[in-house]
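Note on naming: letters A, B, ... go to the chains in the order of the sequence lines (proteins, then strands), and numbering restarts at 1 for each one.
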Number of protein chains: 2
Amino acid sequence: MTQIKESSTIQENKITAFNECPVTYVMEKIGGYWKPIILYHLLTGSKRYSELKKTIPAITEKMLIQHLKQLEADDLVIRESRPVVPPHVTYTLTKAGMALKPVMYTMAKWAIEQADTNAKFTYKSLDDFPESPTMLEEV
Amino acid sequence: MTQIKESSTIQENKITAFNECPVTYVMEKIGGYWKPIILYHLLTGSKRYSELKKTIPAITEKMLIQHLKQLEADDLVIRESRPVVPPHVTYTLTKAGMALKPVMYTMAKWAIEQADTNAKFTYKSLDDFPESPTMLEEV
DNA sequence: CAGAATCCACGCTGATACTG
DNA sequence: CAGTATCAGCGTGGATTCTG
């Protein structure tokens, strides 16, 4: 799954920025084309692998698996597999993953404010965002 | 300065995610190793090019210029150059750039909460974050 | 059903050298 | 002082094929 080499200058700088800048830290966790979308869908509750694939048709299996693995390694999601035939795997957000909700909400709010004239964001709008009473209070 | 080709599948998907997902939209604006750091320093007020370079020693000139140009193209910073010798160029945040403050604050807060045991983030902590009375209220 | 493995193209980043 | 130009390396994402 495309291992990351630990050497090389670019990784050095990545790690440096990662350690120095909390914003970069967040980017590393939820960056990439698909991670926000995956997280978004998991915010509404646990999902099976096939459900995620169905909900995000454009994503390739490799990308879905890869990002899910990264999210799992980052302790943002929990993978539960039942050793049955056919396989049954569900993905659930951890507490840290749930705590991302206000972060993503804040980002989404800014994005929509800045780009409201363009009427973009067919995928997610603030209205689509999963409701949570604690979501705004905790910010 | 490394033009982006408008074709290719990867850019297609990038644009798709960009249009569909506001979180990705934000990432595109403030993503990259250095942009958050640059923005962070500009949050404290306008800076000259040489000041930025001095404050962020690890960055190469190319990366600094490149990211500043992108930030300018994204209407996050304003570049003001005085046609004198020696050149005098200052960079200032736009309103949209200033509006990123609560976004970055929220992200930083999450990052620090998740990683507090590691005592990371020598560069920025919540204490270092520029104070602003409107910052928390608007969120 | 839920992956794993391989191959390859693209663009980002960095190093170095040069300029008005 | 404030940039530009060029070159090369690396990692990421995509397409395809295969498996328990």
Nearest whole angstrom, please: distance from the [atom2] of [N] to the [atom1] of [X].
X	N	atom1	atom2	answer
A:Ile59	D:dT16	CD1	P	16 Å
B:Leu64	C:dT16	CG	P	18 Å
A:Gln70	D:dG11	CD	P	14 Å
A:Met63	C:dA4	CE	P	13 Å
B:Met27	D:dG13	CE	P	12 Å
A:His67	C:dA2	NE2	P	19 Å
B:Gln66	C:dT13	CD	P	6 Å

Is the shortest heavy-atom distance from the side chain of B:Ile37 to the side chain of A:Val23 under 4.5 Å?
no

Going from CG on A:Asp74 to CD on A:Gln70, what distance comes out if it is rounded to the nearest 0.5 angstrom?
7.0 Å

How many angstroms lie between OH in A:Tyr49 and CD in A:Glu61, if you round to the nearest 0.5 Å?
4.0 Å

What nitrogen or oxygen pairs link the protein and nucleotides 1-4 of chain D at under 3.5 Å?
residue	atom	partner	partner atom	Å
D:dC1	O3'	B:Arg48	NH2	3.1
D:dC1	O3'	B:Pro87	O	3.0
D:dA2	OP1	B:Arg48	NE	3.1
D:dA2	OP1	B:Arg48	NH2	2.7
D:dA2	OP1	B:Val89	N	3.4
D:dA2	OP2	B:Ser50	N	2.9
D:dA2	OP2	B:Ser50	OG	2.9
D:dG3	OP1	B:Arg79	NH1	2.2
D:dG3	OP2	B:Tyr91	OH	2.8
D:dG3	N7	B:Glu61	OE1	2.6
D:dG3	O6	B:Glu61	OE1	3.3
D:dT4	OP1	B:Lys69	NZ	2.8

What's the verdict on side-chain contact (heavy atoms from CB on, under 4.5 Å) for A:Ile78 and A:Glu72, showing C-alpha distance, side-chain angles and the deciding distance?
CA-CA 6 Å; A:Ile78 297 170; A:Glu72 189 191 3; over 6 Å; no

Please determine, by modelled atom types, if A:Lys47 and A:Ser50 share a side-chain donor-acceptor pair under 3.5 angstrom.
no

In sequence, state the C-alpha distance, the side-chain angles, and the governing distance for A:Lys29 and B:Trp110, and then conclude on side-chain contact (heavy atoms from CB on, under 4.5 Å).
CA-CA 11 Å; A:Lys29 299 273 185 185; B:Trp110 181 85; 4.3 Å; yes

If you compare every side-chain N and O of A:Trp34 against the phosphate oxygens of D:dG14 (OP1, OP2), does one of them come in below 4.0 Å?
yes

